[in-house]
2 protein chains.
Amino acid sequence: MVNNLAGFLPYLQGFLTPQRQERFESVLEHRTRHLCVVLENLTKPHNTSAVLRSCDCFGVQNVHMVERDCDSKVDKQISLGSHKWLTTQIWNTEQASAENQVNIDEDPTVICLSTLKSQGYCIVAATPHETQKSLYDLSIDTPIALLFGSEKKGISAPALELADECITVPMYGFTESFNLSVCAALCLSELVRQLHNSDMDWHLSESEKDELRLQWAKRTIPNIEAIERRFYSTGFAE
Amino acid sequence: MVNNLAGFLPYLQGFLTPQRQERFESVLEHRTRHLCVVLENLTKPHNTSAVLRSCDCFGVQNVHMVERDCDSKVDKQISLGSHKWLTTQIWNTEQASAENQVNIDEDPTVICLSTLKSQGYCIVAATPHETQKSLYDLSIDTPIALLFGSEKKGISAPALELADECITVPMYGFTESFNLSVCAALCLSELVRQLHNSDMDWHLSESEKDELRLQWAKRTIPNIEAIERRFYSTGFAE
């Protein structure tokens, strides 16, 4: 389908209002893959959903959800549909074994984090327990995968072993940790602000933008299946 | 009781470990009333609780909860007990009329905000709808009461009318607002960071600290009622 993007995307864009297309472009201008988020075994849908909503708000496109002992459920009242604009990937044992032909016993966290490391991401674990290093001292020079652990158990031992850095958000009270979705938002806010103020190239490439233009158009246009069938059956496709 | 503080507080401190007393002091060093938070008619206990937890984490001592159409419930799994270290005040029609002898028909939001204004607070409403002014352009020169509205209806019209400023947290995605507890944490994080970096006197006074030392000791020591009775009946009290 990507081969046909050149024809299909402009065709689909004809179904979008100019306002909607402008919105896509202004959101795309702030989208990044220089940061991504990994949620390990989150058990509370309202946390997962609030993190997804924050990722959309801050322009962080990719969210990885590891499910070893849980299903990633999204609370739509909290996510406000934000997940449909993001690129989310579920990592569980079944999916990992099907897609990557790995040993079914292998830990999906390990597979997820190893994959991200091989893509050049620095794994940064947000944990108040393992470090005194502040979020505000983290360098954004390399791509960062921000790792958050489950509400009760925190980040798993194998995940901590794969982490390149651990950070904490400075706290001044009695409570020993922020709420998970609050912690994620504080991290994203700071790192995105640093990115915006830097002269690094943190934007999506034009081909990445085209893929999202297509994905978003397809999620916006009613009766997209019929439109797609018509396009490919009437010779519009190359 | 404040008159007896000089005698009762040192007596109570004898029941606390040195570690606990040091913890109190280090938390007190970061406590402030230069910022406070007003929650207007929040309906979701997990939001109220996450905001309370963030206030404790950031050292913001006072939280006002207006209840016109709701009861402020706290989800203890989310607040993690943070509310017991804070000074919280409920504003509803009954309480307002009993304490301040005002007209029972008067809006508790109006009473709460008018009281805070008379105490010198600048009311700053966090709302993405009313303004383009960024959180990051807000001056912390005067004491600030940060106002957050209910999850569905937002900030009420009478509250907006009393607000001195409206601010928004910059967003770059499709979603039109942050989750309420996320928004509150982002605001607190930024303003507290500015306070810490300023040379303003944002700390509590010594007498305010003494009141909290007493309050926290009483909430920490088991069988405090019996200890208090014994103190006042055996002539320790002046």
Side-chain angles (χ1 to χ4, degrees), chain A residues 20 23-24 26-32 44 46-47 49-61 75 77-86 128 135-136 151-152 169-190 192-193 196 216 219-220, chain B residues 20 23-24 26-32 44 46-47 49-61 75 77-86 128 135-136 151-152 169-190 192-193 196 216 219-220:
Chain A
R20 173 57 63 164
R23 188 101 175 96
F24 281 9
S26 92
V27 171
L28 281 171
E29 256 330 282
H30 291 94
R31 274 326 207 217
T32 190
K44 299 193 176 167
H46 67 80
N47 276 332
S49 311
V51 175
L52 292 175
R53 185 164 154 186
S54 296
C55 285
D56 176 49
C57 287
F58 284 120
V60 171
Q61 181 63 31
D75 180 331
Q77 273 205 313
I78 293 176
S79 75
L80 290 188
S82 56
H83 58 285
K84 77 174 178 178
W85 310 113
L86 299 172
L135 159 69
Y136 301 103
E151 296 87 347
K152 280 200 178 159
V169 182
M171 284 177 288
Y172 311 98
F174 291 99
T175 319
E176 288 188 352
S177 63
F178 286 102
N179 169 272
L180 188 137
S181 62
V182 161
C183 177
L186 292 169
C187 293
L188 292 174
S189 164
E190 172 60 21
V192 163
R193 188 151 61 136
H196 289 188
W216 293 348
R219 288 185 184 179
T220 306
Chain B
R20 172 58 64 165
R23 187 98 175 98
F24 281 9
S26 91
V27 171
L28 280 172
E29 257 329 282
H30 292 94
R31 276 320 207 223
T32 192
K44 298 192 177 168
H46 66 79
N47 276 332
S49 311
V51 175
L52 292 174
R53 184 165 156 186
S54 296
C55 285
D56 176 48
C57 288
F58 285 120
V60 171
Q61 182 62 31
D75 181 332
Q77 274 206 313
I78 293 176
S79 75
L80 290 188
S82 56
H83 58 283
K84 78 174 178 178
W85 308 113
L86 299 173
L135 158 69
Y136 300 102
E151 296 86 346
K152 281 202 177 157
V169 181
M171 285 177 287
Y172 311 99
F174 290 101
T175 319
E176 289 189 352
S177 64
F178 286 103
N179 170 272
L180 188 138
S181 62
V182 161
C183 177
L186 292 169
C187 292
L188 292 175
S189 164
E190 172 60 21
V192 164
R193 188 151 58 137
H196 289 189
W216 294 347
R219 289 185 183 180
T220 306

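Proteins get letters first, then strands, A, B, ... in listed order; numbering begins at 1 in each.
Taking the charged nitrogens against the carboxylate oxygens, B/D56 and B/R31 do have a contact shorter than 4.0 Å, which makes a salt bridge.
Comparing A/H30, A/M171, A/E29 by heavy-atom pairs within less than 4.5 Å of chain B, the highest count is held by A/H30. Of the listed residues (B/W216, B/F178, B/Y136), the one with the most heavy-atom contacts under 4.5 Å to chain A is B/F178.
Looking at B/S181 and B/R53, their side chains never bring a donor and an acceptor atom within 3.5 Å of each other.
Across every non-hydrogen atom of A/L52 and A/L86, the tightest pair is O-CD1, 3.4 Å.
Only the side chain of B/E190 comes within contact range of chain A, with at least one heavy atom under 4.5 Å from a heavy atom of that chain.
In this structure, B/F174 CZ and A/R219 CZ are separated by 11.0 Å, a value rounded to the nearest 0.5 Å.
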